Amino acid sequence: MIKLYVDFGGYSAIEKGNLIINRNNIINKEDFDSAELGEVVDIYSKRGKFLGRGFKNPNEVRIMTLKREELNENYIREKIIKANNYRVYELGYKNSYRMVYTQSDWLNGLVIDRFNDIATLQIFNFGIEKYRDVIAETLSELGIEHIYEKSTGRNRRRAGLKDIEGFLKGKKEETVITEGEAKFKVYVKQQKTGFFLDQRENRLLLERFIKEGYRVLDICCYTGGFSVHAALKGAYVVGVDLSKKALEVAEENMEINNIPKDRYEFIEGNAFKVMEELIEDGEKFDVVILDPPAFAQSKKDLKSALRGYHMLNRFGATLSNRYLITCSCSQPVEPDAFKALVIDACLKAKKWGKIIIQGSQAPDHPITSKGTEYLKCLFLRVDEI
Ligand SMILES: C[S@@+](CC[C@H](N)C(=O)[O-])C[C@H]1O[C@@H](n2cnc3c(N)ncnc32)[C@H](O)[C@@H]1O
């Protein structure tokens with residue numbers, strides 16, 4: 001087994017629960033370079049203390065375990081079953097949930113979302129690549145016969161792997177899931193893994209703030225996640241999204257929840273432009289929800305991302321005369337920085353923003369280190385100053 005020694009930066013990263021070790025933090029780089037992609041390697045401190053075991057990737061090691069245990073088919077199977085049982089028997093999830101959330105479940109670089117008998121699969125680790133068959137067999141044991149793989153995007157390219165998108169098994173691509181009283185159609189070929197499971201608790205919480213007849217503006221509404229919950233509580237909803245396809249599904253979702261057509265409207269367009277127009281028209285809403293895509297993928301995008309969030313929140317605060325529910329799924333945006341930004345955006349809109357709830361990602365996306373925490377969802381009461 002190849003032994004790799006890390007410098008203080010690598011050591012302290014592991015101490016903080018970060019299980020991705022950059023090549024820059026490896027002292028014996030020749031040994032790292034000589035290992036095959038996907039090969040099992042051991043990580044040691046400079047002084048020779050065993051720190052963990054993982055798979056070599058092009059520019060990093062993805063640590064899988066902090067024990068000296070075999071990384072083989074059994075390991076992958078057991079960890080998937082354990083992650084699933086935790087969601088089902090402890091958290092109480094039933095048919096739709098994030099079954100595996102990368103390093104939080106000791107499966108660094110593997111994400112599996114379950115939607116009834118369909119799973120979407122994402123692999124961002126060379127070492128896990130060769131275990132597709134075991135993953136499929138394990139999912140079959142758990143009652144999943146359709147697997148849609150969506151191993152695409154930045155994390156995949158970072159690992160030097162080509163994008164893969166298509167059915168690994170079966171061919172079913174749509175299903176209906178439930179979230180509290182709400183029903184949602186999920187098409188696995190849509191954005192992300194088909195549905196934003198991470199907002200589940202925040203969508204359910206929204207219901208507490210809705211009263212019959214409220215006007216709700218759902219910005220970046222996707223397939224109507226927040227919109228459906230608001231409409232079920234008697235609100236009139238205006239949803240805005242750039243994606244025509246997503247809005248078509250949002251309409252379907254309103255229909256399967258028996259929401260009359262005169263209780264909602266979906267606008268296809270750029271959130272910033274639509275909000276500016278609504279402000280010009282003097283429109284006001286009781287609740288404004290802002291759930292944009294990640295404006296910052298990495299630290300280098302941070303400055304422009306913060307400007308974007310500030311503008312969006314200023315518009316949102318201007319349009320709301322009661323509540324503002326505002327989210328950021330950009331991992332590099334720190335929770336405290338986001339709070340300060342939102343409060344400042346409210347002040348610039350001449351609103352007194354009071355944070356009443358600080359939400360995060362749903363419990364099936366457990367946080368084990370800074371790198372695994374990404375979603376911020378603030379509920380604010382906003383009053384005229
Ligand atoms: C994080 S998702 C929203 C998820 C949704 N709230 C839910 O609960 O399912 C972000 C959405 O923003 C949309 N989007 C991206 N850029 C946009 C823009 N400039 N204007 C409007 N929508 C945008 C995407 O199409 C996507 O549907």
Side-chain angles (χ1 to χ4, degrees), residues 96-98 113 115 120 150 153 176-180 182-207 209-210 216-232 235 237-254 256-257 264-278 287-297 301 304-305 307-313 315-316 319 324-331 333 338 359-362 364-365 374-379:
S96 58
Y97 49 91
R98 174 148 293 186
D113 279 358
F115 304 106
T120 53
K150 246 188 184 176
V176 175
I177 62 163
T178 53
E179 191 176 82
K183 296 189 200 93
F184 290 105
K185 272 207 168 179
V186 176
Y187 293 90
V188 290
K189 289 185 178 172
Q190 281 247 339
Q191 287 182 40
K192 212 183 176 192
T193 58
F195 193 69
F196 290 84
L197 289 168
D198 51 1
Q199 287 283 23
R200 179 191 153 94
E201 263 59 28
N202 301 321
R203 284 188 293 255
L204 289 166
L205 199 54
L206 167 73
E207 294 193 1
F209 294 88
I210 306 292
V216 172
L217 178 63
D218 185 5
I219 293 292
C220 298
C221 63
Y222 186 52
T223 56
F226 285 99
S227 301
V228 167
H229 284 282
L232 283 171
V237 181
V238 178
V240 179
D241 204 282
L242 208 51
S243 159
K244 188 173 181 218
K245 265 195 193 160
L247 292 181
E248 282 166 8
V249 182
E251 293 264 359
E252 282 184 55
N253 282 332
M254 285 295 193
I256 62 170
N257 284 282
Y264 61 89
E265 171 190 354
F266 287 113
I267 302 172
E268 183 191 336
N270 185 315
F272 291 93
K273 198 162 169 283
V274 174
M275 290 173 91
E276 259 183 326
E277 285 166 6
L278 291 170
V287 181
V288 173
I289 301 149
L290 307 172
D291 187 16
F295 290 161
Q297 299 286 352
D301 316 322
S304 69
R307 271 202 303 273
Y309 285 118
H310 195 280
M311 188 187 284
L312 197 74
N313 280 277
F315 290 170
L319 287 164
L324 176 67
I325 294 163
T326 177
C327 313
S328 162
C329 57
S330 298
Q331 192 276 330
V333 175
F338 188 60
S360 180
Q361 57 222 48
D364 48 354
H365 298 56
Y374 65 95
L375 187 62
K376 296 144 287 278
C377 181
L378 304 175
F379 287 62

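In this text, all values refer to a predicted model and were calculated from it rather than measured experimentally. In each ligand, atom 1 is the first atom listed, and ligand 1 is the first ligand listed. The analysis underlying the following values was restricted to heavy atoms, covering all of them including side chains, and did not include hydrogens, waters or symmetry mates.
Ligand 1 places these atoms under 4.0 Å from at least one heavy atom of S243: 25 (O). Residue C221 approaches ligand 1 through these ligand atoms, each under 4.0 Å from one of its heavy atoms: 5 (C). When each atom of ligand 1 is checked for a heavy atom of G269 under 4.0 Å away, the hits are 20 (N), 21 (C). Ligand-side atoms of ligand 1 in range of C220: 3 (C), 5 (C), 6 (N), 11 (C), 12 (O), 21 (C), 22 (N), 23 (C), range being under 4.0 angstrom from any heavy atom.
Of the protein's non-hydrogen atoms, the one nearest atom 25 (O) of ligand 1 is D241 OD1, 2.7 Å. For atom 2 (S) of ligand 1, the closest non-hydrogen atom on the protein side is F196 CZ, 3.5 Å. Among protein heavy atoms, atom 18 (C) of ligand 1 sits closest to L242 CD2, 3.6 Å. Of all protein heavy atoms, the one lying nearest to atom 26 (C) of ligand 1 is Q191 OE1, 3.3 Å.
Heavy-atom proximity to atom 7 (C) of ligand 1, evaluated over H229, R203, E268, K245, is greatest for R203.
Using a cutoff of 4.0 Å between basic side-chain nitrogens and carboxylate oxygens, K185 and E252 are scored as salt-bridged.
Put simply, the side chain of S330 gets close to the backbone of A296: a donor and an acceptor are under 3.5 Å apart. With hydrogens and angles disregarded, a donor-acceptor distance shorter than 3.5 Å links the side chain of S243 to the backbone of A246. The closest donor-acceptor contact from the side chain of D364 to the backbone of R98 lies under 3.5 Å. Side chain of K150 to main chain of V188: a donor-acceptor pair is present (N/O by atom type, distance under 3.5 Å, no hydrogens or angles). Side chain of N202 to main chain of S360: a donor-acceptor pair is present (N/O by atom type, distance under 3.5 Å, no hydrogens or angles).
Between N270 and ligand 1 there is a heavy-atom distance shorter than 4.0 Å. Ligand 1 has at least one atom lying under 4.0 Å from a heavy atom of P293.
Any N or O atom pair closer than 3.5 Å counts here, and D291 shares at least one such pair with ligand 1. For a threshold of 3.5 Å applied to N or O pairs, the pair formed by T223 and ligand 1 contains no separation below that value.
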Quiz prompt | Check against side chain to side chain contact (heavy atoms under 4.5 Å, CB included), Q190 and Y222 | solution = CA-CA 10 Å; Q190 281 247 339; Y222 186 52; 3.2 Å; yes
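Counting heavy atoms under 4.0 Å from ligand 1, residue A271 touches it through both backbone and side chain. The parts of Y222 lying near ligand 1 are both backbone and side chain, judged by heavy-atom distances below 4.0 Å.
Of all non-hydrogen atoms in R200 and T178, the two that sit nearest each other are NH1-O, 4.3 Å. In terms of heavy atoms, F184 sits closest to E179 at CE1-OE1, 3.6 Å.
In this structure, H310 has its ring center at least 6.0 angstrom away from the ring center of F295.
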